[in-house]
Amino acid sequence: MSTAVETGSAGGVIAGLLHEVWTLGRFEAVSRYIHPEYTMLDERAEVRLYGRDAFAEAVAAFRVLFEEPRMNATHLISSQDMIAYRWELTGRVIDPELLTPALRTIERHVPGLRLISHRGLSIARLRDGMVVEEWSESDNTSLSQQLGWWG
């Protein structure tokens, strides 16, 4: 379920960021959505990002794994300068070598097997109409299972 959001609102910032940067790969748009003092924390994965460049590098690292990646916010809740959003990244895995040997064998007969859905939840604080802080959790277990790494 995609949510329509008003341009200029906190939801509009997130929708624009996910579409332009994550889905379309327009990294020149990062400066419109990510504050220069950006910090991100994913406590489960022990990932910390600081600044626009680190954000762009993290997005680029995920995007190279997928053919035609699509990132959408499926739920948005905002209040003043804070927004919580559930997101979903979908796409086909580009390199079958990322799959376990057993899944690579099956993939030859079931090409749709490489369609992956990666989900998570982020809470962001905005300043000056840009994301300045973000706390994220993603379902890495499900991603690992879809790739066949973890049963």
- Task: Look at the aromatic rings of Trp22 and Phe55 and report parallel, tilted or perpendicular, splitting at 30° and 60°.
- Result: perpendicular

For the residue pair [X] and [Y], what are the closest heavy atoms and their distance?
{"X": "Gly11", "Y": "Leu76", "result": "CA-CD1, 4.1 Å"}
{"X": "Met130", "Y": "His35", "result": "CB-N, 3.6 Å"}
{"X": "Tyr50", "Y": "Ala54", "result": "O-CB, 3.4 Å"}

- Query: Short question: side chain of Arg127, backbone of Arg125 - any donor-acceptor pair under 3.5 Å?
  - Reply: no

- Message: I'd like to know if the side chain of Thr23 and the backbone of Met71 have a donor-acceptor N/O pair within less than 3.5 Å.
- Response: yes

Are there more than 12 heavy atoms of other residues, nucleotides or ligands under 6.0 Å from atom [atom1] of [X]?
{"X": "Gln80", "atom1": "CD", "result": "no"}
{"X": "Asp53", "atom1": "CG", "result": "no"}
{"X": "Ile77", "atom1": "CD1", "result": "no"}

- Query: Are the side chains of Thr39 and Arg48 in touch, meaning some heavy atoms are under 4.5 Å apart?
  - Reply: no

- Side chain to side chain, Ser78 and Tyr85, heavy atoms closer than 4.5 Å: no

Calculate, to the nearest 0.5 Å, the distance between atoms [atom1] and [atom2] belonging to [X] and [Y] respectively.
{"X": "Arg92", "Y": "Glu67", "atom1": "CZ", "atom2": "CD", "result": "5.0 Å"}
{"X": "Trp135", "Y": "Met82", "atom1": "CH2", "atom2": "CE", "result": "4.5 Å"}
{"X": "Glu137", "Y": "Leu121", "atom1": "CD", "atom2": "CG", "result": "7.5 Å"}
{"X": "Ile34", "Y": "Arg52", "atom1": "CD1", "atom2": "CZ", "result": "8.5 Å"}
{"X": "Leu41", "Y": "Ser136", "atom1": "CG", "atom2": "OG", "result": "8.5 Å"}
{"X": "Met40", "Y": "Glu134", "atom1": "CE", "atom2": "CD", "result": "6.5 Å"}

Is it true that [X] and [Y] fall in one hydrophobic cluster, defined by side-chain heavy atoms closer than 4.5 Å?
{"X": "Val131", "Y": "Phe27", "value": "yes"}
{"X": "Leu49", "Y": "Val30", "value": "yes"}
{"X": "Val59", "Y": "Phe62", "value": "yes"}
{"X": "Leu89", "Y": "Leu65", "value": "yes"}

